[in-house]
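Worksheet: one structure, shown below.
We name chains A, B, ... by the order of the sequence lines, and we start the count at 1 in each one. Keep in mind the model is a prediction, meaning the values are calculated, not measured.
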2 protein chains.
Amino acid sequence: MALFLSTYVNKVDKKGRVSVPSRFRSVLVDKGFETVVLFPTINGDAIDACGMDVMENLLEKIGGFDPLSEDRESYADVLMSDAIELAVDGDGRIMIPLDMLIDADIKAGGQCAFVGRGDSFQIWNPDAFAARKKLAQERTRSRRAAGAGSNGGSDDE
Amino acid sequence: MALFLSTYVNKVDKKGRVSVPSRFRSVLVDKGFETVVLFPTINGDAIDACGMDVMENLLEKIGGFDPLSEDRESYADVLMSDAIELAVDGDGRIMIPLDMLIDADIKAGGQCAFVGRGDSFQIWNPDAFAARKKLAQERTRSRRAAGAGSNGGSDDE
DNA sequence: TGGATTATCATGGGATTTTACGGAAGTCAA
DNA sequence: TTGACTTCCGTAAAATCCCATGATAATCCA
């Protein structure tokens, strides 16, 4: 199975076009897609990206359409309404809508980081991602130091 | 079953290419892989290498993509964003990304050690690995002298 | 057995292809 | 036409493929 792995930093040109990393494109093609679905991350820091399959799974998970129920997981609705499906053009690029770029603090003419997450990926302002990653690493380390202990004593892995 | 055993030291050429030891290549083929997945060891000293199965298991364990949860197990995210799947080329070589080489203190044009660990292997700066090995041996010796005895000897994992 | 022949392997150096990315020309609707 | 978007083409750098070489290990055969 193909997974979205690793991190690639690409340039957003002044028209707002970005090359989707070729590895990520291959994964999409492997899954049988020629489009990507984008939507804001739940806390708005970045942009979530995936194939249409993930959207379908999500819809299934939240129960699909039920005209009798008034409240479905409300964020899921917002998510669907914010999501957009983008075609990857002949040169492997997509055009991320301006408001999404602004929300994720990515400037046209600047750079953005494509971050693999396995079955999906995210698009970040590179600096913001670096900061977040550092945080996550520290959290992991302190958690390990705190009590994980487990084996003979070496903290190597 | 085939295991990654022994240690091989190969040269990293100036383009960043390294021959994967032929024994290790055979093991990979035996397991049904034509690619290797690399990611930094948890403490950043070296590079971990395994087959794609490990990544897939990890993804399954963390439950896959859920846009509704603010952050899933953060170490898993860091791992996916740092990991990379590399194809072994026709000559049995891989191209390790530059930043990984730097983090592991391996210079292009220098050497690196492929260290078997059974169902996975690691890639080290040869000197760093030698030092670490010596340390582990001393630790084991003093522990045996102290009386513990117990398992195979190394407390590595 | 021992010496010659033949694989296999690690490694170097081109040559070719791919990729990211800029710009120009074409398309379409208002 | 104007502005927004799309398709097309050119380029430089990087990744990948292809073949040559030397070294070592395996094989063969008188």
Side-chain angles (χ1 to χ4, degrees), chain A residues 2 4-30 34-36 38 49 84-102 106-116 121 123-126, chain B residues 2 4-30 33-38 47 49 83-102 106-116 121 123-126:
Chain A
F4 297 103
L5 294 180
S6 187
T7 300
Y8 303 89
V9 174
N10 281 349
K11 188 170 186 192
V12 184
D13 70 19
K14 49 193 170 190
K15 291 187 197 169
R17 298 179 297 184
V18 213
S19 286
V20 177
S22 100
R23 292 293 185 89
F24 285 12
R25 273 169 5 223
S26 308
V27 174
L28 286 169
V29 171
D30 261 34
E34 350 188 88
T35 63
V36 216
L38 300 192
I84 50 164
E85 183 180 12
L86 295 180
V88 180
D89 73 20
D91 297 334
R93 290 185 275 204
I94 54 176
M95 256 202 63
I96 304 176
L98 195 61
D99 55 324
M100 267 198 190
L101 288 179
I102 290 168
I106 299 168
K107 297 150 290 288
Q111 294 192 308
C112 70
F114 290 78
V115 181
F121 61 94
I123 303 173
W124 283 79
N125 171 309
Chain B
F4 298 104
L5 294 180
S6 183
T7 299
Y8 303 87
V9 174
N10 281 347
K11 186 170 187 192
V12 184
D13 70 20
K14 51 191 169 192
K15 288 188 194 171
R17 298 178 297 184
V18 214
S19 287
V20 177
S22 102
R23 293 292 185 86
F24 284 14
R25 267 159 23 211
S26 309
V27 175
L28 285 169
V29 172
D30 262 35
F33 299 118
E34 4 190 72
T35 64
V36 214
V37 176
L38 301 191
I47 302 168
I84 181 166
E85 182 180 14
L86 296 179
V88 180
D89 72 20
D91 298 333
R93 289 185 277 203
I94 54 175
M95 251 203 64
I96 304 176
L98 195 62
D99 55 326
M100 266 198 191
L101 289 179
I102 289 168
I106 299 168
K107 298 150 290 289
Q111 294 192 308
C112 70
F114 288 78
V115 181
F121 62 91
I123 303 173
W124 282 79
N125 171 309

Nearest whole angstrom, please: distance from the C1' of C:dG22 to the CG of A:Asp89.
13 Å
Does B:Lys15 reach a base, just sugar-phosphate, or nothing at all? Heavy atoms under 4.0 Å.
base
B:Lys11 side chain, from C-beta outward: closest of D:dT7, C:dT11, C:dA10
C:dT11
Base, sugar-phosphate alone, or nothing: which one does B:Val18 contact when heavy atoms must sit under 4.0 Å apart?
nothing
Quickly work out the B:Asp13 CG to C:dG14 C1' distance and round it to whole Å.
13 Å
Between C:dA20 (C1') and A:Phe24 (CZ): distance, integer Å
15 Å
Shortest side-chain distance from B:Arg17, nucleotide among C:dA24, C:dC21, C:dG14:
C:dG14
Kindly indicate whether the side chain of A:Ile96, heavy atoms from C-beta on, has any atom under 4.5 Å from the side chain of A:Val12.
no
Let me spell it out: for each of A:Arg93 and A:Arg23, pick the nucleotide of DNA chain D with the closest heavy atom. Which residue's pick is nearer the 5' end?
A:Arg93
So B:Ser19, base contact, sugar-phosphate only, or nothing? Heavy-atom distance under 4.0 Å.
base
Of B:Phe4, B:Phe114, B:Tyr8, which is the lone residue that meets side chain to side chain contact (heavy atoms under 4.5 Å, CB included) with B:Arg23?
B:Tyr8
Starting from P on C:dA10, measure out to CD1 on B:Ile94 and report it in whole angstrom.
12 Å
Rounded to whole angstrom units, what separation is found between the CZ atom of B:Phe114 and the P atom of C:dA10?
9 Å
Just the rounded figure in Å: distance from C1' of C:dA10 to NZ of B:Lys14.
16 Å
Determine whether a donor-acceptor pair (one donor, one acceptor, N or O, separation below 3.5 Å) exists between the side chain of A:Asp91 and the base of D:dC8.
yes
Within the structure shown, what part of the strands sits under 4.0 Å from B:Arg25 by heavy-atom distance: base, sugar-phosphate, or nothing?
sugar-phosphate
Taking atom CD as the centre, does A:Glu85 end up with more than 12 heavy-atom neighbours from other residues, nucleotides or ligands that are less than 6.0 angstrom away?
yes
So, B:Asn10 side chain and B:Ser19 main chain: donor-acceptor pair closer than 3.5 Å or not?
yes
Whole-Å distance separating the CG atom of B:Leu98 from the P atom of D:dA13:
17 Å
note: A:Leu86, atom CG; D:dT6, atom P; distance rounded to Å ~ 9 Å
Are any of the side-chain nitrogens in B:Lys15 or B:Asp13 under 4.0 Å away from the carboxylate oxygens of its partner?
no
When you measure from the side chain of B:Pro21, which nucleotide among C:dA10, D:dA15, D:dC5 comes out closest?
C:dA10
Given C:dA20, C:dT11, D:dA15, the nucleotide with the shortest approach to the side chain of B:Asn10:
C:dT11
